[in-house]
Every structure is written in structure tokens, then in C-alpha cells.
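Below you'll find the structure, written out as C-alpha cells, and then a few comments.
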Amino acid sequence: MRVELIQRAADVLWDVPDDARKEIIMIIAAVAEAPAPARGVIAAAFGQQCWIEYMSRGTVLEVTDVGCYC
């Protein structure tokens, strides 16, 4: 599945510490391999200190928000 980050999520991704960025990228990779939620349904995935919000648009996984509890 192709992954796209909306601009706000991409901006946050580059503003978090390096270890948080790595965790966010790991979460995105895991979600891209998992079965996608129904088209248009907003879903979230969590790591130890980070999270992402995403939705599926056909063959595209759109990451709408990312965050870190750090």
C-alpha cells in the first residue's frame, strides 16, 4: 500500500526528536502492512511514545496526523 502524509503530519514528523521519528516511521510501516480499515474510516495506531492517525483511500494509506508524548 502506498503511504501519503498530509503536510501537517509531515511537518510534525520533522519536528519530533530522532527516536520518536523512528518510532513513527515504524508505526506507519506496520500499518501499511496490516489490513486497511474501511475506505474513509479514520483509524489510529500507537507505539510506546508515539501515535499516528490515518485513513485508507483505495490503495493509498493517508496519514493525517502524527504525535509524540515526549
Taking it one step at a time, do R8 and D65 satisfy side-chain contact (heavy atoms from CB on, under 4.5 Å)? CA-CA 7 Å; R8 179 182 65 195; D65 202 5; 4.1 Å; yes
Residues K22 and D19 bridged, charged N to O under 4.0 Å: no
Quick one: does L13's side chain get under 4.5 Å of R21's, heavy atoms only? yes
Show the nearest heavy-atom pair for residues A32 and V3, with the distance to one decimal. CB-CG2, 3.9 Å
Side chain to side chain, M1 and T59, heavy atoms closer than 4.5 Å: no
Could you check whether any side-chain N or O of R57 sits under 3.5 Å from a backbone N or O of E62, counting only pairs where one atom can act as donor and the other as acceptor? no
Determine the minimum heavy-atom distance between F46 and A44, stating which atoms define it. CE1-CB, 3.8 Å
Between E23 (side chain only) and Q49 (backbone N and O only), is there a donor and an acceptor less than 3.5 Å apart? yes
Please find the pair of heavy atoms, one from T64 and one from Y54, that lie closest to each other, and give the distance. OG1-N, 4.0 Å
In I52, I6, I27, the residue satisfying side-chain contact (heavy atoms from CB on, under 4.5 Å) with V66 is I52
Same cluster (ILVMFWY, side-chain, under 4.5 Å), V16 and V63: yes
Where the side chain of R39 meets the backbone of S56, is there a donor-acceptor pair that is under 3.5 Å apart? no
Under 4.0 Å between a Lys/Arg side-chain N and an Asp/Glu carboxylate O for E4 and R2? yes
Shortest non-hydrogen separation from M55 to V41 and the atoms involved: CB-O, 3.5 Å
